[in-house]
Each structure stands twice: as C-alpha cells, then as structure tokens.
Protein chains: 2
Amino acid sequence: MLRLSTKGQYGVRAMFEIARSISRGPTTIKEISERQDVSVAYLEQILNTLRKAGLISSVRGPGGGYVLSGTPDKISIGAILRELEGPVAITSCLDPREGCLRVDGCVTHLLWKALGENIESFLDDMTLKDLLEGNELMATRRRGRRQPEKIRMLHK
Amino acid sequence: MLRLSTKGQYGVRAMFEIARSISRGPTTIKEISERQDVSVAYLEQILNTLRKAGLISSVRGPGGGYVLSGTPDKISIGAILRELEGPVAITSCLDPREGCLRVDGCVTHLLWKALGENIESFLDDMTLKDLLEGNELMATRRRGRRQPEKIRMLHK
DNA sequence: TAATACTTGACAGAATTACTCAGCTATTAT
DNA sequence: ATAATAGCTGAGTAATTCTGTCAAGTATTA
Ligand code: FES
Ligand code: FES
C-alpha cells in the first residue's frame, strides 16, 4: 500500500546523481542513465518536468547537462516528489484538485489528513544534502567517522 | 502522490461503522452500505477479506451481520489496511514479496525505508477506538467536553 | 557545419483499480 | 418443511493510471 510511482523514485535518484557530481559541472542525461539504470527517454521526461519547476536548470550543447538550481540543503525530497507526482493526497478527498462533499462529519477525513501532514513534513524536512551525507556515511562507515545527526535514523 | 485505494478507505469506514453499532449487535452489509455510500457488492468483497483475516466475524441468517473480533482499541487502522492493500511498501524494493538487487549502496532505499516505518507506526498506533472518540468529539464539540489525548491531533 | 545535448508532444502496451454479477450456503421464523 | 434473510465466492470487465517509447525538433559549441 501507498506506493510511490517509479517516476518519483527515478526523479529523486536523478537529482541525487546531479547533486553528487556537483563539483564536476553539468551532469548529462546519459551519465544519469548509466549510473542509475533508467532509460534516457524516460529521464528526458522526468528532468524536463523538474526543470520547468525550477529545481534544476539545463545547459545545452556539448559539455552541457543539468545543474541544481540551489544548494543541496535547500532542495527537499518533498519538493521533487510534488512536481513529479502531485501533492501528497492519501485520498481524493484531500487532493486540492478534487475535494469531497461529505467532509463535515467524516472521521476518517481527519485521520488521512493527519497522516498526510505527517508524511509531508518528513519529506519536506529531508533534503538532497541528507542523501549525500547518508551516501558518504555508507562509503566510509567502517572507519568510524562521526555521524551527522539527521542521517543517523537512516542507518538504525 | 501516495494514494490509498478506495478498497482500503472503504474498509476502514466499514470497520468504523461496525464498531459504532457495537451495542446494537451485528451490523448488516446493507446498513453499512447506506450509511457509508458504498455498494453492497463491493462491501461483500471487502468484508470477506477482513473476515478471513480474523478482524471481524460474521453471523449468518436473519438478524445476522458482522461483529468485531476484538475490542475497538485492539484493532488498528494499520491492521485493516494491511489486509486490504498489502504491506506498507513505498517502493517495490521494500515489498517483502518482491525485493531488489541493488539494495547495497542505495541511499534512497534507506530513505524510503525510514518513511515507510514512520507511516506504519502512525497507522499501527491509531485504532478504531481513536476514530470512535474522534467522532464523539466531533458531535459534542460545542459543549466543551474534555478531549481524549491522541485524538486532539485530529482536530488541530 | 557537424556533433553534442537538451526539448517537446504524442502515443501505446501493461498493470492496477474499482467495481458488478450470478449463483451459492447457512440460519432462523413460521 | 419452507420461505425469507443474510452472508459467501469466484469470475469477469470497464476505466484509469502507470511506465515507458518514439520521432522530430532547437540550442550551443568546437
Ligand atoms: S468521504 Fe470525503 S472526507 Fe470522508
Ligand atoms: S533501487 Fe532497490 S533499493 Fe534502491
């Protein structure tokens, strides 16, 4: 239950890949495709959405690719997913684009609303920087580095 | 993003309806159908699943219907949804029935896992009793009753 | 001007969802 | 007994959503 679409998942992985290569300049779709095992054609669709949303910007021509629009700590997972999959809406009643007639007096409505807010704050609080640190940690784990605070939960 | 299917939603509403009528004995599908605006045929399918899972039991023949297998405080929303929609699995990688090959070294895996655990503890902590109290509260709100602890968040 | 790389819109197959339907079995009141 | 009530079961189907592909562009640089 409560699956994320592949579009959203690939989108986050693509953004992570762009963030990871930040020092090497623009990242091409081809590189992302190879490193994350997602087809070029599908990534084109996904990255285009994210660009229109202003989360990344593109550089055309040879040597081009995609770069983050802001620093990794300013780009949340929630922001990425919202662009690719629309707002968090456990039920159609909670989707601002739809709505519901029997909201008043509906107990479950409050339940789903609370769950949705819970999820949303989790996603909005988690950023690309956290993923980068989590990755760093994973690579150097055995050497007993100090662990960044928020990431610790990712390794419990 | 992250929608719950109607099956899960209707299931929770049906269970709530059975719990609410607990003092009046077994609740019929027809009653649930009328009170919750869900077709009898669809409810048959849903309640059958919940019965096989042992969350409710049925009484056949005239005067029959469905009754809860336990007290409302022992039946969690999570338990209901798991039966109707399978385990919480944000990605297919996290579904015990599927799995993933590239788990090791995958940062997002840890992210989705943490989110899934977050959601699951929310759902497992919330019970039919909480819904009943939330409903009670909603009905008597204006008369300034004292509010049960956990339900307060449902009305923030 | 050739090569690189992003841009855009349409489209199609697969999978899932959201149901309906027909016919059955068990229980109780008369 | 038997008629009425009420749940039980499996199959089937229309609609929607998902998961991509494809073709034909435009912009930039060497
Ligand atoms: S049915 Fe829409 S809010 Fe409950
Ligand atoms: S791709 Fe399966 S765990 Fe990351």
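No experiment lies behind these values; they were computed from the predicted model shown. Chain identifiers are assigned alphabetically (A, B, ...) following the order of the sequence lines, protein sequences preceding nucleic acid strands; residue numbering begins at 1 within each chain.
- For the 3.5 Å distance criterion, the side chains of A:D95 and A:S92 fail to qualify, holding no donor opposite an acceptor.
- Side-chain nitrogen and oxygen atoms of A:T6 include at least one within less than 4.0 Å of the OP1 or OP2 phosphate oxygen of D:dT19.
- Put simply, A:S39 has a side-chain N or O that comes within less than 4.0 Å of OP1 or OP2 on D:dT21.
- If A:V40 and B:T28 are placed on DNA chain D by their nearest nucleotide, the residue sitting closer to the 5' end is B:T28.
- When each of D:dG7, C:dC6, C:dT20 is scored by its nearest atom to the side-chain atoms of B:A41, the top-ranked nucleotide is C:dT20.
- The CD atom of A:E83 sits 10.0 Å away from atom CE of A:M15, with the distance rounded to the nearest 0.5 Å.
- Contact annotation: A:S58 side-chain N/O to C:dA5 OP1/OP2 distance is not under 4.0 Å.
- Regarding B:L2, its CG atom lies at a distance of 15 Å from the C1' atom of D:dT17, rounded to whole Å.
- At least one side-chain heavy atom of B:K7 sits under 4.5 Å from a side-chain heavy atom of B:Q45.
- Following rounding to the nearest Å, A:I46 (CD1) and C:dT8 (P) show an atom-to-atom distance of 16 Å.
- Two residues, A:G63 and A:N48, neighbour DNA chain C, and the one matched to the more 5' nucleotide by heavy-atom proximity is A:G63.
- A salt bridge is defined here as a Lys NZ or Arg NE, NH1 or NH2 lying under 4.0 Å from an Asp or Glu carboxylate O, and B:R13 with B:E17 fails to meet this definition.
- Rounded to an integer number of Å, the gap from CZ of B:R51 to P of C:dT25 is 15 Å.
- The CG atom of B:D95 sits 14 Å away from the C1' atom of C:dT16 (whole-angstrom rounding).
- At a threshold of 4.5 Å between non-hydrogen side-chain atoms, the residues A:R102 and A:H109 do not count as touching.
- In this structure, the side chains of B:V12 and B:L131 come closer than 4.5 Å at one or more pairs of heavy atoms.
- Rounded to whole angstrom, the span from the CZ atom of A:R3 across to the C1' atom of D:dT19 amounts to 14 Å.
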Its contact letters, B for base, S for sugar-phosphate only and - for none at protein heavy atoms under 4.0 Å, make nucleotides 23-30 of chain D read --BBSBS-
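- Remark: P of D:dT5 and CD of B:E31 are 14 Å apart, rounded to the nearest angstrom.
- Residue B:I29 is classed as a sugar-phosphate contact, given heavy-atom separations below 4.0 Å to backbone atoms only.
- Proximity of A:Y66 to the phosphate of C:dT7: a side-chain N or O atom is located under 4.0 Å from OP1 or OP2.
- The nearest whole Å value for the distance from the CG atom in B:D37 to the C1' atom in C:dA18 is 16 Å.
- Look at CE on A:M1: it is 13 Å from P on C:dT17, rounded to the nearest Å.
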Between A:L111 and B:F122, does a side-chain contact (heavy atoms from CB on, under 4.5 Å) hold up when you go through it step by step?
CA-CA 10 Å; A:L111 172 68; B:F122 179 102; 4.1 Å; yes
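- Looking only at side-chain heavy atoms (C-beta outward), B:L4 and A:L115 stay at 4.5 Å or farther from each other.
- Nearest to the side chain of A:Q45, among C:dC19, C:dA10, D:dT9, sits C:dA10.
- Comparing atom distances between the A:Y42 side chain and each of D:dT21, D:dG7, C:dA18 picks out D:dT21 as nearest.
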